[in-house]
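Numbering of ligands and ligand atoms starts at 1, following listing order. Residues take their numbers from the sequence shown, with the count starting at 1. The figures here come from the full heavy-atom set of this structure, side chains too, leaving out hydrogens, waters and symmetry mates.
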Amino acid sequence: MSPPRKLHIKSYGCQMNVYDAQRMVDMLAPEGFVETASVDDADLVILNTCHIREKASEKVYSELGRLRGVKDEAARNGRRMSIAVAGCVAQAEGAEIIRRAPVVDIVVGPQSYHHLPQLLARAKSHGRALETEFPVQDKFGFLAPPDPEVIRARGVSSFVTVQEGCDKFCTFCVVPYTRGAEVSRPVAKIIDDVLRLADNGVREITLIGQNVNAYHGEGPDGRIWSLGDLLRRLAEVPGIARLRYSTSHPRDVDDTLIAAHRDLPALMPFVHLPVQSGSDRILAAMNRRHGADDYRRVIDRFRAARQDIAFSSDFIVGFPSETEEDFVATLALVRQIGYAGAYSFKYSPRPGTPAADMQETVSAAEMDERLVRLQELIDSQQSAFNLAAIGSTVDVLFERAARNPGQIVGRTAYLQPAHVMAPPDIIGQVLPVTIASLERYSLLGELAAAHARPASSRMADSSQMITGA
Ligand code: 5AD
Ligand code: SF4
C-alpha cells in the first residue's frame, strides 16, 4: 500500500466553504489523502476561496505567489506538490487562473467538487485541469446540483447543505454569479444525511444555503417542502437536540418558518437575518426587494411566535449614493431592533455586479467613520445581550474540552460560548448552566445544581452521546 498523501486546505469566507472543505477532505480520503495542518509537507494544497468582498482575486494571486516558493522547495526535495484553487474565485476567474498562475494544477468550481479525484488524475496526465460548470437542467427541468456527499461527523455540531445558489441578485453581490441559480436538495436526501450524522453522535444540525429560507425541495410526498416543513420533520430525528439554519433573506420568511419557531423547541431562537441597510432608498438601489418597514414586520412576526428570539444581521456601509441621512436610518433600525450581534462591512465593488457600474460617492474616510459608528452601536448591543445572561440559568450544548484544563465548553441557544468545570462525559449533552460572569465574549458558569457531579462519582449515562472519535 502506498503511504498516505497529505492534503492541506485553506478555507476563506462563509460556512458553506467550511462545509465544502470538510466535504473535500472526506471525498479525498478514499484516494489516500489525510489532512495536514502544515502546508510545507502537503502533496495537495487546496485554496478554498471566497469572492464576496474586497480584492478577493488579488489576495488569491498573492497567496499563489507564496505557494510557488513552497512548491519549488518541495520539487527540489524530489516531491511533487499539486495546487488546486476551489471556491467562488475559482468559479469567477476560471481559466484566467490557469493563465495567470502557472503554479496552479487544478481549478475547480463549487459545483464540481465531486469530480476532484478525476481532476487530480487529469492534472497528473495532462498537466492541468479545470472544471467550473454549473449543473444543467435534468429531464424534469430541475436544476440538479451534484449531490454533496454527506460529511463525516466531526463532533457534536454539523452543517448540512440544503440549498445552493441565489436568485435574488442584490446589486452588490457576486453569489448569484459564482454559486449559480438557486437549487434545493430533495427532502429524503437531507433526512438521510441527518439520520446518519445523528447516528454518529451529532446533536446539532445547522442547515446551510446561500439563501436557505428560499428552500423548496421535493418532498417524499411529491409536494414541494418549505424550510419550515423540513425543520418540522428534522426535529423528529432521534438524538437531534438543536436545529439552526443560515443564511436567510427577509423576503423568503414564510408562515411555515414562523410556525416552526413557534412549535419546535429544538429550533434555536437565534436567527441571522441580514438587512444590509435601514434606508429604503438604498435598499431599493441594492435590489433587496424589501423596505425597512417590511423587515421590521418580519422581525415582529418572529417575536410574536417566540418571545426569546434574538437576531443577528449583516450591514454594508458606503453603498454608492449612501448619504449621512441614509446611514442614520441604518443606525435607527439597529437601535430599534436590538441585535445580539452583527457583521458590518464597507462596500466594495465586485466586478460583474450591477453596483460596480454605479458611481461611488462615499469617500474612504466617510466609509471608515460610518463603519466605526455602526460597529460601536452593534458592539454595545452585543455586550448588553451577553451581560444579560449573567445570573440566569441557560441550556448549553457541550462540545469539547476547553483550553483550560478541566473546563468544558459548549454553546448557548444564541451561540455564546459557555465554559464550566466538569467531567468530559458531559460532551454531547444539553445541560442547564447558571451563568456567573462574562469574559470578553465567553460566558463562565456552573452546571445547575441537579446536574453538577464531581468527576469521581461519574455514572454511566446511556443517554449521553460522546462524539469526535
Ligand atoms: N461589499 C461589501 N459587503 C458585501 N457583502 C456582500 N457583497 C458585498 C460587497 N460587494 C456582505 C453582505 C452579505 C455578507 C455575506 O457580505 O453584507 O450579507
Ligand atoms: Fe447575495 Fe444574499 Fe442578495 Fe443572494 S440574497 S444576492 S446571496 S446578498
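- Annotation: Tyr347 is not in aromatic contact with Phe315 [ring centroid separation under 6.0 Å not met].
- When the side chain to side chain donor-acceptor pair (under 3.5 Å) test is applied to Ser312, the partners found at least two apart in sequence or on another chain are His272.
- Taking the centre and axis of the six-membered ring of Tyr61, the NZ or CZ atom of Arg100 falls inside the cone set by 45° and 6.0 Å.
- Around atom 3 (Fe) of ligand 2, the protein N, O or S atoms found under 2.8 Å comprise Cys170 SG.
- Within the 4.0 angstrom cut-off, atom 3 (Fe) of ligand 2 has one or more protein heavy-atom neighbours.
- Side-chain contact between Cys166 and Arg179: absent, with no pair of heavy atoms (C-beta onward) separated by less than 4.5 Å.
- Protein neighbours of ligand 1 below 4.0 Å, counting non-hydrogen atoms: Ile52, Arg53, Phe172, Gln276, Asp314, Ile316, Phe345, Lys346, Tyr347, Ser348, Arg350.
- Contact check on Asp294 versus Arg296 returns no salt bridge, with no Lys/Arg side-chain nitrogen under 4.0 Å from an Asp/Glu carboxylate oxygen.
- Centroid-to-centroid, the aromatic rings of His261 and Tyr245 come within less than 6.0 Å.
- Not less than 6.0 angstrom separates the ring centroid of Phe311 from the ring centroid of Phe270.
- Glu399 has its side chain out of reach of Ile427: every pair of non-hydrogen atoms, C-beta onward, lies at least 4.5 Å apart.
- With Arg288 as the fixed residue, the side-chain contact (heavy atoms from CB on, under 4.5 Å) test singles out one of Leu283, Thr171, Ile282: Leu283.
- Residues forming a side chain to side chain donor-acceptor pair (under 3.5 Å) with Ser38 (at least two apart in sequence, or on another chain): Asp41.
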